[in-house]
Amino acid sequence: MEAEKSLTTTGQIAYTKTDSILNDARNIIENARSNAVRSVDFCRVQMYWNLGRRIFEEEQQGKDRADYGAYLIKNLALNLEAEYGSGFSERQLKFCRQFYRLYPIGNTLRSQLNWSQYRSLIQISDPDKREYYELESVNNAWTARETERQINSQLYERLLLSNDKESVLAVARKERIPETPQEIIKDPMVLEFLGLEKKPSYYEKDLEGEIISHIADFLLEMGKGFSFVARQKRILLEDDEFFIDLVFYNRLLRCFVLIELKTGKLTHQDLGQFQMYVNYYDRTEKLPDENKTIGILLCSSKNDTAVKMALPEDNKTILASEYQLYLPTSEQLVKEIEEAKQLAKERKEER
C-alpha cells in the first residue's frame with residue numbers, strides 16, 4: 001500500500017511538472033511564431049521602403065521630363081508584376097514611392113507595424129493626424145484591421161471635439177497620462193461593428209446584448225485602459241432593486257466607469273437615476289485611494305443645454321455621449337468639430 005501510494009504521489013508530481021513544462025513549451029512556440037510573423041512583416045515593410053527609395057532616386061535623375069515618373073512606375077510594374085505577382089502593381093509601387101517620401105529615414109520605421117498599417121498611414125495627409133495613428137497603433141498593439149477601423153471611424157477628429165490637439169498628441173507620445181474622462185471617452189461613440197440593421201428604434205436590451213457579443217470591439221472603441229467588470233450589476237437599496245447596464249474599470253483614470261444605455265432621447269429623470277448609481281459606487285465600491293466613479297449615459301440623442309442644467313455646475317463625473325451605429329462621413333465630423341469650436345468660443349466669451 002505504501003509503495004502504491006508513493007507511486008501515485010510520484011505520478012501526480014510528474015504530471016504536474018509535465019503540465020507546467022507543456023504550458024511553458026506552448027508559450028515558447030507561440031512567441032517564436034509571433035516573432036517570426038512579425039519579422040516577416042517587417043522585412044516586407046523594408047522591401048517596399050527600399051523599392052520606394054530606388055524609384056524616387058531614379059525619378060530625381062529624370063526630373064527634367066515631367067512624365068518620366070509615370071512612365072518609370074508603369075514600366076516597372078509591368079515587368080515586376082509578371083515576375084512576382086500582384087504585390088508589385090502600378091498602384092502598389094506608387095504607395096512605395098509615397099512611403100519613402102513620408103518616411104525618408106529607414107531607421108525610424110517601426111517594426112511593430114506591418115505594410116497594411118503603413119499603407120493606411122501614408123494616405124493621411126495631415127502629419128499630426130498620421131503621427132497620432134502611428135503612435136496609437138504601436139502603443140495599443142492594434143492589428144491592421146483595428147488601425148484601419150480607427151482611421152475610418154475618425155477617432156482623432158472625435159477626440160479633438162473635446163480636447164486640444166497638443167494634449168491628444170502628448171498622450172499618444174506618452175508624455176503625459178490622461179487626467180480627465182474627456183481625454184479618453186469619445187462623443188460620439190461609433191458602434192458600427194455591432195452590425196445592427198437600420199431600424200427606427202431598438203430595445204436597450206438588444207443594444208446591450210450586441211455590445212457584450214462584440215465586447216473586444218467595444219473596448220477598442222471605448223479607448224485606453226478599460227477592462228470589463230459586470231453586466232446588469234444588481235444593487236439593492238433597502239427593498240428596491242436597481243440594475244446598472246455595464247460596469248468597467250479604467251486603470252489610467254483609476255476609477256470605475258458605469259454605462260447606462262438609452263435608445264431614446266436623454267431626459268433629466270435618466271440623469272437623476274444615473275447620479276444615484278454613481279453615488280452608490282463612490283460610497284460602497286470605490287477604495288479610498290481610487291478616484292471618483294465616472295458615469296456615461298450612452299444615448300441616441302441629447303440636448304446638451306438640458307444635460308448641463310440638470311447636473312451640478314462643477315460636474316466632472318457624469319458624461320452624456322451619443323452613439324452612432326454607422327460610420328460618420330468626413331463632412332459630418334467637420335461640421336461637428338466646427339460647432340464644438342464655436343460653442344467653446346462662446347463659452348469663453350461668456351466668462
Side-chain angles (χ1 to χ4, degrees), residues 136 140-143 145-155 157-159 161-162 178 181-235 241-253 255-267 269-271 273-278 280-281 285 293-302 307 317-328 332-333:
E136 289 297 74
N140 299 295
W142 287 344
T143 63
R145 184 186 71 83
E146 288 167 343
T147 298
E148 185 180 18
R149 189 262 166 190
Q150 295 290 39
I151 293 172
N152 291 338
S153 70
Q154 311 276 335
L155 170 62
E157 287 85 351
R158 285 186 288 140
L159 286 173
L161 287 171
S162 54
Q182 289 82 0
E183 292 185 72
I184 293 178
I185 297 159
K186 280 87 70 180
D187 181 21
M189 288 192 190
V190 180
L191 310 180
E192 93 294 342
F193 52 83
L194 300 181
L196 292 169
E197 298 176 14
K198 290 189 177 182
K199 293 181 180 179
S201 62
Y202 295 88
Y203 290 110
E204 283 155 15
K205 64 180 179 63
D206 295 332
L207 185 61
E208 180 188 319
E210 288 300 324
I211 286 174
I212 294 299
S213 298
H214 298 80
I215 192 65
D217 292 313
F218 187 69
L219 286 171
L220 176 67
E221 172 62 11
M222 286 283 286
K224 291 176 176 287
F226 282 95
S227 57
F228 177 63
V229 176
R231 171 191 187 184
Q232 288 296 307
K233 172 69 176 178
R234 175 178 175 267
I235 61 176
E241 277 186 327
F242 299 91
F243 295 88
I244 304 170
D245 289 340
L246 299 167
V247 180
F248 295 85
Y249 190 85
N250 188 282
R251 64 183 181 83
L252 298 179
L253 298 175
C255 67
F256 285 103
V257 179
L258 314 182
I259 293 184
E260 191 75 359
L261 303 171
K262 295 296 173 185
T263 54
K265 191 170 183 178
L266 201 60
T267 68
Q269 290 94 338
D270 296 328
L271 290 164
Q273 182 166 317
F274 200 43
Q275 179 73 69
M276 179 181 69
Y277 295 164
V278 170
Y280 173 86
Y281 253 77
E285 300 286 341
T293 303
I294 294 168
I296 305 173
L297 273 158
L298 198 54
C299 54
S300 58
S301 64
K302 60 185 171 74
V307 170
T317 58
I318 299 218
L319 306 173
S321 178
E322 288 186 356
Y323 65 81
Q324 297 178 358
L325 297 176
Y326 314 102
L327 287 175
Q332 286 174 322
L333 277 163

Any heavy-atom pair between the side chains of [Y] and [X] that's under 4.5 Å?
X	Y	answer
Val190	Leu155	no
Glu148	Arg145	no
Tyr281	Lys233	yes
Leu220	Glu146	yes
Thr293	Tyr277	no

Dump the intermediate steps for side chain to side chain contact (heavy atoms under 4.5 Å, CB included) on Val257 and Val229, then the final yes or no. CA-CA 9 Å; Val257 179; Val229 176; over 6 Å; no
Where do Ile296 and Ile259 land on the side chain to side chain contact (heavy atoms under 4.5 Å, CB included) test, with the steps shown first? CA-CA 5 Å; Ile296 305 173; Ile259 293 184; 4.1 Å; yes
Could you walk me through whether Arg231 and Ile211 pass the side chain to side chain contact (heavy atoms under 4.5 Å, CB included) check? CA-CA 10 Å; Arg231 171 191 187 184; Ile211 286 174; over 6 Å; no
Give a yes or no answer on whether the side chain of Arg158 reaches the backbone of Ser153 with a donor-acceptor pair at less than 3.5 Å. yes
For Glu183 and Lys224, what are the C-alpha separation, side-chain angles and deciding distance, and is it a salt bridge (Lys or Arg N to Asp or Glu O under 4.0 Å)? CA-CA 10 Å; Glu183 292 185 72; Lys224 291 176 176 287; over 6 Å; no
First locate atom [atom1] of [X], then atom [atom2] of [Y], and finally report the distance between them rounded to the nearest 0.5 Å.
X	Y	atom1	atom2	result
Asn140	Gln150	CG	CD	8.5 Å
Leu297	Gln275	CG	CD	10.0 Å
Met222	Leu298	CE	CG	8.5 Å
Leu261	Leu207	CG	CG	5.0 Å
Arg234	Ile244	CZ	CD1	12.0 Å
Asp217	Leu191	CG	CG	10.5 Å

With ring-ring contact (aromatic ring centres under 6.0 Å, His included) as the test, pick out the partner of Phe218 among Phe248, Phe226, Phe228. Phe248
Shortest non-hydrogen contact from Ile294 toward Cys255: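 Minimum heavy-atom separation between Ile294 and Cys255: CD1-SG, 3.5 Å.
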Would you call the rings of Phe256 and Tyr249 parallel, tilted or perpendicular if under 30° counts as parallel and over 60° as perpendicular?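 Correct class here is perpendicular.
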